[in-house]
Colleague: 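Below is a structure I'd like to ask you about.
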Amino acid sequence: MNRKNRSIKVSKKGHADLFSAWLPLYSLVDDWIGRLIFLAWIAGLWLVNTALLIIIAVREVRRPAKALTWISVGLVLPIIGFVCYLFVTNPVQMRRDKLVSSHNNPIALPPACGDSAFVIARALQPLSVSGLRTGYVQILTNGMETYGKLLQSIQAAQKTIDLEYYIYRNDHIGKRITDVLIDRALSGVNIRFIRDGWGSRSFPKHAVRRMMEAGIECRTIFPLRFPWVLSNLTYRDHCKIVIVDGKEAFMGGINVGDEYTGMKPDVDFWRDTHMRLTGETADDVKAVFEAHWKMASPDMLHSTRKAKFLPESAQLSDDKAIHPFPSGKTERGYGWEWGSELGTMEGTHMGKASPSKDSHNVYIQIFEGNPGLPTPVIREMHFICLTQATRTIDVTNPYFIPDADIIMAIKTAAARGVRVRLLVPRQVIPKVAGGASRTYYGELVEAGINVFQYNKGVLHAKVMIIDGEIAEVGSSNYDLRSYRLNYEVCAVMYHSDVARELTEQFERDLAEATPYRLEDHMHRTSSERMLDQAARLLSPLL
C-alpha cells in the first residue's frame, strides 16, 4: 500500500474517531432540541385549547352551568372537547318566531279564583300561545285509560287527525294505534304524523312505509341522517300531542309504548298523567303542532303503491278499535291478562267523543317550549308559578335537575310560609340523572321543603299544583334540557276541581312514597357523594 492510500486511511480513521468522540454531544443536543420542540407543541396546544375554552365561556356567558361543564370536558380532552362542543351545541337554524300571545287580552277569571290565580294568569299572558282560553279538561292518570280514550277519539274522527310524539314504538300498543290510523286514513280522514328522530329512532321503516301507503303524511323532527344529525343531535321534540278534527286534543307525559300501560313485565309499574282537552283551547294545541309540522323533515321513503284496502287480518272492528289489546286474551310473550284492565270499556260503542262526567270547564293557557328562542318560556312559566304561590305547592316530576333560579324560587316560597311538597322517583333512568337530582335534596330539606321518593315503580308524571286552584300538566321536566333544548308543550289550568283531582292523585302517590330525610342525605357513602357530584357536573348535558 502506497503512502497516499495510507494517509487517506489514517485520515478516515481520524474523522471516525472524532465523530465517535462528539457523538454523545450530538445525541445530547438532538435530545434537547427534541424536548424543546415537544414542549413547544405542548405550549401551543395549551394556548390553542385555552383560547377555545375562552370561546366556550363567552358563548355560554348566560348559562354558567353549561359553560363550566364544557370547560371541564375541554380540560380533560383538549381540542377534542371543543370539537364535541361544536358538534353537540352548534345552534341549528330553527324557527325563531314567537308562538306566543301578541296582545294583552283582559284576564277574565271568575271571581271565585284567588289572588294568586289572577296574578299568575296576568303574568303568564304574554308567554302563552294565545292568552286565556276556555275548554273542557279530562285528567287521565294511567296509560290504559289514555289509550282507550285516544283510540275511541281516533276511531270517531271525521276529517283530520294530527299526531306528534317523542317516542312512538312499534310494539303491541303502537301497532294497534297504527292499525286504527291506517283504517281511518283509508276511510278518507286526513292524517299527519310527526315523530322525534332520536326518541323514535327504533320505529321501523316498514311501519312508516305502511302508513304512507295508506295516505298518512309522515315527518320527522331532527332526523338521525346526514346532514341534519351534524347540528341537531342535542335537540329533541319532546311533545306528546294528538288533535282530532281540530276540536279535541290529547297532551301530557304519555308516549306510545307498552311500558306506559304499567303492565310490561320487564318494566316496573308506570305512573303518568295525561289529559284530554276539548273546546277552543284545542286551537292552541293545534297551533303548536302546525309550527312543528312546518319545521319537520318529510320522510324520504318511496311507497311502491297506494293502498286501497287493508288485508283481512288488519281490518278493525269497532270493539278492537276501542281496546288497546283484545279483552280476555293473553299476549304472547307478556304473560298478563289485559281483559281485567279493559273490562270497564267492555260494551262501549263508537261514536262522537264528548266531554265525560269527569270533564271540567276551565280556563287554560297553553305554552310551547322552543329552543330557538332566547327566552325559555317553560322555565319562565315555572318560575312565575313558584314565586307567586301563597299557600301550597305540590310538584311531581321524574327529572328534577333545575337551575339556580328555580331552586331559589322553591326555597324562597318555603321561607315565606308556603307548604312545598316535591315528589320524585326513587329509581331514575338513566342513573346519572338520578345522581344529579339527589344533590339537590339535602338543601331543599334544609330549607323546609318536603321531599318524597316514589317507591312503587316508574314515576313519569309532570304536574304542578298551586294554592289548590292552579294546575300545570305537560311534557316538560325540571331540567336544563327541557328548558333550553327541547320542544315542549304545557298547560296551566285555573279551576279548583281540576286542582283537587290532581291533588287527590298526588296524595295517592304519596302513599307509595317515603320521605327523604336529611339523615339519608348525610349518610351517603363517599363514593355515592362523588358520583352524585360528578353527575350534577354533567347535568347540563343530560
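Here, residue 1 is the first one in the sequence, and each next residue gets the next number.
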Colleague: So, do Arg484 and Pro371 sit near enough that their side-chain heavy atoms are less than 4.5 Å apart?
Modeller: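 Heavy-atom side-chain distance check fails, nothing below 4.5 Å.
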Colleague: Could you check whether any side-chain heavy atom of Asp162 comes within less than 4.5 Å of a side-chain heavy atom of Trp293, counting everything from C-beta outward?
Modeller: no
Colleague: Below 4.5 Å, heavy atoms only, C-beta onward: do Phe193 and Arg219 meet side chain to side chain?
Modeller: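 Side-chain contact under 4.5 Å: no.
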Colleague: If every non-hydrogen atom of Leu181 is compared with every non-hydrogen atom of Ile191, which pair is closest and at what distance?
Modeller: O-CD1, 3.1 Å
Colleague: Can you measure from CG (Asp272) to CG (Leu459) and round to the nearest 0.5 angstrom?
Modeller: 8.0 Å
Colleague: Within the 4.5 Å heavy-atom criterion, are Thr375 and Glu380 side-chain neighbours or not?
Modeller: yes
Colleague: With sequence neighbours left out, what residues match Phe383 under ring-ring contact (aromatic ring centres under 6.0 Å, His included)?
Modeller: none
Colleague: Would you mind telling me which of Arg169, Lys264, His172 makes a side-chain hydrogen bond (donor to acceptor under 3.5 Å, both in side chains) with Asp258?
Modeller: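 That would be His172; it is the only one of Arg169, Lys264, His172 passing the side-chain hydrogen bond (donor to acceptor under 3.5 Å, both in side chains) with Asp258.
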Colleague: Does Asp266, at its CG atom, have more than 12 non-hydrogen atoms belonging to other residues, nucleotides or ligands within less than 6.0 Å?
Modeller: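 Above 12, so yes.
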Colleague: Taking all heavy atoms of Tyr516 and all of Gly442, pick out the closest pair and write down the distance.
Modeller: CE2-N, 4.5 Å
Colleague: List the steps and the verdict of side-chain contact (heavy atoms from CB on, under 4.5 Å) for Tyr494 and Gln365.
Modeller: CA-CA 9 Å; Tyr494 304 89; Gln365 291 169 322; 2.6 Å; yes
Colleague: State, to 0.1 Å, how close His382 and Ser476 come at their nearest heavy-atom pair, and which atoms those are.
Modeller: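 Nearest heavy atoms, His382 then Ser476: CE1-OG, 4.1 Å.
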Colleague: Between His238 and Tyr487, does a ring-ring contact (aromatic ring centres under 6.0 Å, His included) hold up when you go through it step by step?
Modeller: CA-CA 6 Å; His238 200 238; Tyr487 283 91; over 10 Å; no
Colleague: Do the charged groups of Glu446 and Lys411 touch, with an N to O distance under 4.0 Å?
Modeller: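 Answer for the salt bridge query: no.
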Colleague: If you look at every heavy atom in Asp237 and Asp196, which pair is closest and at what distance?
Modeller: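 So the two residues come closest at N-OD1, 2.8 Å.
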Colleague: Has the side chain of Ser482 got a donor or acceptor atom that lies under 3.5 Å from a matching backbone atom of Asp479?
Modeller: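 Absent.
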Colleague: Minimum heavy-atom separation for Ala296 and Ile194, please, with both atom names.
Modeller: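 Here Ala296 and Ile194 meet closest at CB-CG2, 4.4 Å.
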Colleague: First locate atom CD1 of Ile393, then atom CZ of Arg391, and finally report the distance between them rounded to the nearest 0.5 Å.
Modeller: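 Output value for this atom pair is 11.5 Å.
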Colleague: Got Ser437 and Val424 here, is their nearest side-chain heavy-atom distance under 4.5 Å?
Modeller: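 No, every pair of side-chain atoms sits at 4.5 Å or beyond.
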Colleague: When you compare the side chain of Leu277 with that of Ile364, does any pair of heavy atoms fall below 4.5 Å?
Modeller: yes
Colleague: Has Glu443 got more than 12 heavy atoms of other residues, nucleotides or ligands less than 6.0 Å from its CD?
Modeller: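 Yes, enclosed.
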Colleague: Please answer whether the main-chain N or O of Glu488 pairs with a side-chain N or O of Asn486 as donor and acceptor at a distance below 3.5 Å.
Modeller: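 No, the answer is negative, given that no donor and acceptor are paired below the 3.5 Å cut-off.
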Colleague: Please report the closest heavy-atom contact between Asn397 and Pro425, naming both atoms and the distance.
Modeller: O-CD, 3.6 Å
Colleague: Answer yes when Asp532 and Arg529 have at least one side-chain N-carboxylate O distance shorter than 4.0 Å, and no when they do not.
Modeller: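 Looking at Asp532 and Arg529, the cut-off is not met.
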Colleague: Looking at Lys456 and Asp509, is any side-chain nitrogen of the basic one under 4.0 Å from a carboxylate oxygen of the acidic one?
Modeller: no
Colleague: With Lys240 as the cation and Tyr165 as the aromatic partner, state whether NZ or CZ is under 6.0 Å from the six-membered ring centre and within 45° of the axis.
Modeller: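 No - Lys240 does not lie over the ring of Tyr165 by the 6.0 Å and 45° rule.
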Colleague: Heavy-atom distance under 4.5 Å between the side chains of Ile366 and Arg133, does that happen here?
Modeller: no
Colleague: Is any NZ, NE, NH1 or NH2 atom of the basic residue among Asp283 and Lys286 found under 4.0 Å from an Asp or Glu carboxylate oxygen of the other?
Modeller: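 Result for this pair is no, no salt bridge flagged.
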Colleague: Any heavy-atom pair between the side chains of Lys149 and Phe250 that's under 4.5 Å?
Modeller: yes
Colleague: Assign the ring pair Phe203 / Tyr168 to parallel, tilted or perpendicular, where the plane angle (0 to 90°) is split at 30° and 60°.
Modeller: perpendicular
